[in-house]
Structures are given as structure tokens and as C-alpha cells.
Amino acid sequence: MANARPFSLRERANRVIIYSILLGAAAFYLLPLIVMVFTSVKSLADIRGGNLISFPQEILLDAWTKAWSEACTGVSCEGVGGYFWNSFVIVLPAVLISTAVGALNGYALTKWKFKGSDLFFGLMLFGCFIPFQVILLPMAQTLGYFNLANSTPGLVLVHVVYGIAFTTLFFRNFYVGIPNELVLAAKLDGAGFFMIFWRILLPVSAPIIVVCIIWQFTQIWNDFLFGVVFSGHDTKPVTVALNNLVNTTTGVKEYNVDMAAAIIAALPTLLVYVLAGKYFVRGLTAGAVKG
């Protein structure tokens with residue numbers, strides 16, 4: 001490092017231009033979030049009297065408190081706080097189960113080929129392209145048959161079933177790149193199906209596991225259609241509560257409360273991408289072009 005050549009004046013100018021462009025692009029894409037944050041801490045009088053990107057005259061957190069626990073949704077006065085935890089209760093088991101099943105499916109479809117495995121994978125791949133609306137009625141009938149209608153376990157089951165196709169695709173494409181000789185050698189040493197998966201495949205699967213967790217977490221947390229159709233009054237996810245809050249007016253429209261509730265609902269997925277975004281890109285590219 002001591003012998004590193006110092007940047008020339010032209011190179012420094014180029015770096016300044018590049019970073020200026022990148023900062024400008026970042027500011028442009030962050031503008032909606034900035035507007036939401038500013039609006040959420042303004043008073044109603046401040047919102048009516050200023051423009052969207054003006055700084056608040058006074059920072060107030062009353063809207064955040066009301067959005068969390070006191071906002072009126074038309075049926076009762078309650079915020080998105082309780083439904084925020086409902087979403088976690090739905091998301092966490094659904095993500096873990098669909099990721100685990102997808103890993104086993106991808107492993108079996110690449111390292112333990114069986115008759116009809118390619119057809120099976122093709123049918124699962126076809127499941128990735130089935131619109132949500134097509135399965136609403138048969139899924140409602142199935143949940144009713146198993147007495148899971150309007151319940152949290154029912155919503156978990158819906159997201160697991162719909163997510164398995166995607167996780168299987170991700171894991172299958174990732175495992176194609178792992179040499180079959182490793183599995184064959186383990187078989188010769190007497191290792192069975194689950195031993196090979198646990199000792200050989202799973203330890204190298206961290207990148208694609210991160211991809212599946214982020215993908216499933218984002219998809220399930222942001223889901224509205226399944227939540228509004230298959231949930232009951234006490235099992236609604238936060239997206240349904242947010243919709244009820246924003247689209248129900250009982251007097252003066254409180255834009256600051258709406259923006260605070262929207263930010264609260266978006267915080268988990270925002271944090272996931274901020275903390276693990278680079279791992280998501282690495283894992284996705286690791287299994288995107290194989291098979």
C-alpha cells in the first residue's frame with residue numbers, strides 16, 4: 001500500500017462525477033421514502049400548508065403512536081401493531097417449512113433421480129406461473145375440508161404450498177452445480193439419503209438458503225390477496241390492516257397516520273434487504289444459470 005500510485009487530477013474528477021451520479025440516483029429512488037417519513041412526523045396543519053418534500057416545522061411522533069395502537073379501521077379503533085405480530089406468526093413458519101421442503105426436493109431431483117423426476121420438476125415449475133386468483137376457490141374448499149379456514153395455520157399452509165415451487169426451483173438449480181462424485185463417494189461409504197443431505201449438501205447451501213429466506217419472507221410479508229381472503233378478524237396480516245386503515249375514513253383524513261402505518265408495515269422487508277441484500281444477489285447468481 002505504501003507504493004500505491006496517487007490518483008491523478010483526471011482520475012479524481014472522474015470519481016467525483018461517478019459518485020455524484022450514484023448519489024443523485026440514490027436520492028431519486030429514496031424520494032418516496034423521504035416523503036413518507038417527513039409526512040409521518042408532520043402535523044395535519046403542516047401537511048396542508050407545505051409541499052411534499054418540505055421539512056417538518058415540528059417533529060411529532062403522535063401519528064406513529066396512533067398508527068401502531070389507536071387508529072380507527074372502521075370496525076374498531078385499533079392500530080396495525082397487533083396485526084404486525086400476526087404477520088410474523090404467519091411468515092416465520094411458512095418461510096422455514098417451504099425452504100426446508102424446497103431443499104429436500106431440489107436435492108432429490110438432482111442427486112437421486114427417479115423415473116418421472118423431470119416431469120415432476122416440470123409440473124412444479126409450472127406451479128410458479130399459476131396466478132394467485134386461480135387457486136382461491138379450490139384452496140378455500142381445501143382449508144374448509146381440513147377445518148383451517150380463517151385461521152393462522154391455514155394461511156401458513158397456503159403460503160407453504162405456493163412457495164414450495166419457487167424454493168424447489170432455486171435449490172434444484174443450485175445443486176446441479178455440485179459434483180455428483182461427492183454423492184457417489186458418500187454412497188460407497190454407506191451414507192443414506194438424509195445423511196448425504198445433512199453432511200454434504202446442506203453445509204454448502206448457505207447462499208441459496210439466504211436467497212429462499214429473503215424471497216419467501218418478502219413475498220409472504222407483502223401478500224395481501226391471500227391475507228384478505230383466508231384470514232379471520234383476529235388473524236389478519238399487517239397488509240390487510242394497513243389497507244383497512246388507509247381506505248377507511250371516519251372524519252378528517254390523517255395522512256400522517258397513513259404514512260406512519262405504511263412505514264411500519266414495510267420496515268421488516270426493508271431491514272431484511274438492507275442487512276442481507278448482498279447475500280441475496282450472490283446466492284441468486286450462484287444458482288441462476290445452471291441446469
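In this text, all values refer to a predicted model and were calculated from it rather than measured experimentally.
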message = Using modelled atom types and a 3.5 Å cut-off, is there a donor and acceptor pairing between side-chain atoms of N222 and backbone atoms of T218?
response = yes
key: From T110 atom OG1 to N105 atom CG, the distance as rounded to the nearest 0.5 Å   = 10.5 Å
ask   = Are any of the side-chain heavy atoms of I90 and H159 separated by less than 4.5 Å?
value = yes
ask   = Should Y175 and F197 count as side-chain neighbours, where that means a heavy-atom distance under 4.5 Å?
value = yes
ask   = Would you call F230 and L148 a side-chain contact if the rule is heavy atoms closer than 4.5 Å?
value = no
ask   = If you count the non-hydrogen atoms of other residues, nucleotides and ligands that lie under 6.0 Å from CZ in F146, is the total more than 12?
value = no
query = Side-chain contact, heavy-atom cut-off 4.5 Å: Y83 with V240?
reply = no
key: Within-4.5 Å side-chain heavy-atom neighbours: K187 and W112   = yes
query = Quick one: CZ on F217 to CG on L96, what's the gap to the nearest 0.5 Å?
reply = 11.0 Å
ask   = Rounded to the nearest 0.5 Å, what separation is found between the CZ atom of F121 and the CG atom of L169?
value = 5.0 Å
message = If you count heavy atoms of other groups shown closer than 6.0 angstrom to OH of Y19, is the number above 12?
response = no
request  = Would you check if the side chain of T269 reaches a backbone N or O of A266 as a donor-acceptor pair within less than 3.5 Å?
outcome  = yes
ask   = Distance from M259 atom CE to I47 atom CD1, nearest 0.5 Å?
value = 8.0 Å
Any F171 side-chain heavy atom under 4.5 Å of L104 side chain = no
Table please: side-chain donor-acceptor pairs of residues 34-46 below 3.5 Å, with sequence neighbours left out.
{"residue": "T39", "atom": "OG1", "partner": "V35", "partner atom": "O", "Å": "2.7"}
{"residue": "S40", "atom": "OG", "partner": "M36", "partner atom": "O", "Å": "3.4"}
{"residue": "S40", "atom": "OG", "partner": "V37", "partner atom": "O", "Å": "2.7"}
{"residue": "S40", "atom": "OG", "partner": "W64", "partner atom": "NE1", "Å": "3.1"}
{"residue": "K42", "atom": "NZ", "partner": "N51", "partner atom": "O", "Å": "3.3"}
{"residue": "K42", "atom": "NZ", "partner": "S54", "partner atom": "O", "Å": "3.0"}
{"residue": "K42", "atom": "NZ", "partner": "S54", "partner atom": "OG", "Å": "3.0"}
{"residue": "S43", "atom": "OG", "partner": "D46", "partner atom": "N", "Å": "3.2"}
{"residue": "D46", "atom": "OD2", "partner": "Q57", "partner atom": "N", "Å": "2.8"}

task = State whether a side-chain donor-acceptor pair under 3.5 Å links K236 with N86.
result = no
request  = Taking K111 for its side chain and I178 for its backbone only, find out whether a donor-acceptor pair lies under 3.5 Å.
outcome  = yes
key: Distance (rounded to the nearest 0.5 Å) between L201 CG and L182 CG   = 8.5 Å
query = Regarding Y162 and S98, is there a side-chain donor-to-acceptor distance under 3.5 Å anywhere?
reply = no
query = So, does T168 use its side chain to make a donor-acceptor pair with the main chain of I164 at under 3.5 Å?
reply = yes
inquiry  = Are there over 12 heavy-atom neighbours, none belonging to L267, within less than 6.0 Å of that residue's CG?
reply    = yes
